[in-house]
Amino acid sequence: MNFIGEKCAACGEVFTEGDDIVVCPECGSPHHRACYKAENKCANSALHGTDESWHSSAEELHEEENNERKFVICSACHFPNSLDAENCVRCGADLSPDEAGDEEDEPVFGVPRPYLGFNPEEDMGGSPLRDVADFVKTNTIYYIPIFKRMKDTGRSISFNLISFVFPPVYFANRRMWFWALLSLIVTVLLSMPLAVSYLIADGIEGSYSVFPAELIQKIYDNRHTLSMLVDVCNVADMLIRITFCLFSNKLYYRFVLKSLRRLRAHSEGELRREEIFAAGGVRILNTLLVAVMSLAMTFVAMYATYLFLGLIL
């Protein structure tokens, strides 16, 4: 084995070309021959009789990187960064080799949180940007600049395509249940006239109908009124979707700040990151729950429509 660059177990000096090196036969520790003779024993005699043995610096570095060191800890803000990062993602400080800290500073769940060059301690409306980013948890590269602009300029309008197409799904996924249920009720009710018109058309053209033949005929006789109602509901539905598209990010920003205030009020001592992680982020299971609720509400609304039409026609 080439011991050039390794350290003598006795004196700690790095071996260079031409050094006379002897190796302990029990633990494998390398020594200068003179050092070994001076001590007349292995400097690592404590390893003898155990399962331990001497490891080269390359082996120790490899073991540390694979088993322990996962991040470079910024000395300025104590934030963990990936090993290949040149600057801290939290405060932007330069990460030199001596910036590494203890593994005790690794984040909860082992995932660094990006702050996109913003000051993580900046007040975002009662909570630091760091806590806001931790609560958002996913897609912070989209939300944090929007929240920062809203806080700095006071603007409430931004663009969110998902809340335009599937508003209940968006709000439920972000755990905003008030807005999820409200948008679900509104979208289901506004879709009823169109659904009824389709069912009436199927009842007239086909052999099977959800509604009795007498009611179908009455609705068909008032088809112009129903058509006008469908148009009104379609316009209202589009306006509501556009409103959600433009203001859902503002609603989410307010929800994040309100949730953090509630967490801080109920937290014993300082608010911990694992508490924020657990309360925030997304929950895909909520989207499935909303889909089931939407189906159930559609059947209920259809039956209610049937009763209503039966009374007025």
Side-chain angles (χ1 to χ4, degrees), residues 74 76-80 88-92 107-109 111-186 240-287 289-290:
C74 175
C77 66
H78 304 291
F79 186 78
C88 178
V89 296
R90 171 187 278 185
C91 66
V108 182
F109 307 133
V111 180
R113 307 303 307 158
Y115 299 101
L116 309 174
F118 299 123
N119 179 9
E121 304 303 327
E122 179 179 353
D123 180 43
M124 294 294 290
S127 295
L129 185 144
R130 177 190 66 253
D131 289 351
V132 172
D134 288 341
F135 188 92
V136 172
K137 195 173 180 179
T138 60
N139 206 13
T140 53
I141 195 172
Y142 169 76
Y143 284 107
I144 295 306
I146 291 178
F147 291 171
K148 182 73 165 56
R149 184 169 62 252
M150 289 179 175
K151 178 256 182 182
D152 292 340
T153 65
R155 293 181 58 185
S156 300
I157 296 177
S158 60
F159 187 79
N160 190 314
L161 181 60
I162 298 179
S163 63
F164 174 80
V165 181
F166 305 111
V169 170
Y170 169 75
F171 289 124
N173 195 37
R174 284 290 171 179
R175 308 188 183 203
M176 303 168 65
W177 277 111
F178 172 80
W179 291 104
L181 295 176
L182 179 62
S183 60
L184 179 60
I185 293 172
V186 171
I240 289 175
R241 289 176 182 273
I242 292 175
T243 301
F244 282 140
C245 175
L246 297 178
F247 292 97
S248 60
N249 287 333
K250 180 66 175 182
L251 294 175
Y252 184 46
Y253 179 36
R254 294 173 59 182
F255 171 77
V256 170
L257 295 179
K258 182 179 179 180
S259 299
L260 287 172
R261 286 195 297 269
R262 185 168 59 251
L263 286 173
R264 195 169 287 108
H266 291 85
S267 177
E268 297 180 359
E270 185 178 355
L271 183 60
R272 296 175 298 174
R273 296 188 68 201
E274 57 265 31
E275 295 179 84
I276 301 176
F277 276 125
V282 298
R283 189 171 179 81
I284 304 300
L285 185 61
N286 288 355
T287 63
L289 181 59
V290 164

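All of these numbers come straight from a predicted model, not from anything done at the bench.
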Any chance you could lay out the side-chain contact (heavy atoms from CB on, under 4.5 Å) test for Arg174 and Thr138, step after step, and finish with the verdict?
-> CA-CA 10 Å; Arg174 284 290 171 179; Thr138 60; 3.1 Å; yes
Show your working on side-chain contact (heavy atoms from CB on, under 4.5 Å) between Ile146 and Lys250 and close with a plain yes or no.
-> CA-CA 9 Å; Ile146 291 178; Lys250 180 66 175 182; over 6 Å; no
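Closest approach of Glu122 and Asp152 over heavy atoms only: OE2-OD1, 3.9 Å. The two atoms that bring Val132 and Phe147 nearest to each other are CG1-CD1, 3.8 Å, heavy atoms only. What you find for Asn249 and Phe159 is that their closest heavy atoms are ND2-O, 3.7 Å. Across all non-hydrogen atoms, the minimal contact from Leu129 to Lys148 is CD1-CD, 4.4 Å. Scanning both residues, Val290 and Val169, for their nearest heavy atoms gives CG1-N, 4.4 Å. The shortest non-hydrogen separation linking Val165 to Arg241 is O-NH1, 2.7 Å.
Remark: side-chain polar atoms of Thr140 are not paired, donor with acceptor, to backbone N or O of Lys137 under 3.5 angstrom. The closest donor-acceptor contact from the side chain of Arg130 to the backbone of Glu121 lies at 3.5 Å or more, if one exists at all. Looking at Ser163, its side chain does come within 3.5 Å of a backbone N or O of Phe244 through a donor-acceptor pair. Arg283 places no side-chain N or O within donor-acceptor distance of the main-chain N or O of Ala172, the cut-off being under 3.5 Å.
The CE atom of Met150 lies 10.0 Å from the OH atom of Tyr143; values are rounded to the nearest 0.5 Å. Note that CD of Glu275 and CG of Asp134 are 12.0 Å apart. Values are rounded to the nearest 0.5 Å. The distance from the CD1 atom of Ile276 to the CG atom of Leu263 is 7.0 Å, given to the nearest 0.5 Å. Distance check, rounded to the nearest 0.5 Å: CZ of Phe135 to CG of Leu271 gives 10.5 Å. Distance OG/Ser158 to CZ/Arg149: 7.0 Å, rounded to 0.5 Å. For the atom pair Leu251 CG and Leu246 CG, the distance stands at 11.0 Å (nearest 0.5 Å).
The side-chain heavy atoms of Leu289 and Trp177, taken from C-beta on, include a pair separated by under 4.5 Å. Looking only at side-chain heavy atoms (C-beta outward), Tyr253 and Leu257 come within less than 4.5 Å of each other.
Each of Thr243, Asn160, Ile162 was checked for a side chain to side chain contact (heavy atoms under 4.5 Å, CB included) with Ser248, and the lone residue meeting it is Asn160.
Below 30°, between 30° and 60°, or above 60°: for Phe171 and Trp179 the angle between ring planes is between 30° and 60°, a tilted geometry. Ring pair Tyr252/Tyr170 is perpendicular by interplanar angle, where above 60° counts as perpendicular and below 30° as parallel.
For the residue pair Ser127/Arg264, the side-chain donor-acceptor check at 3.5 Å is satisfied.
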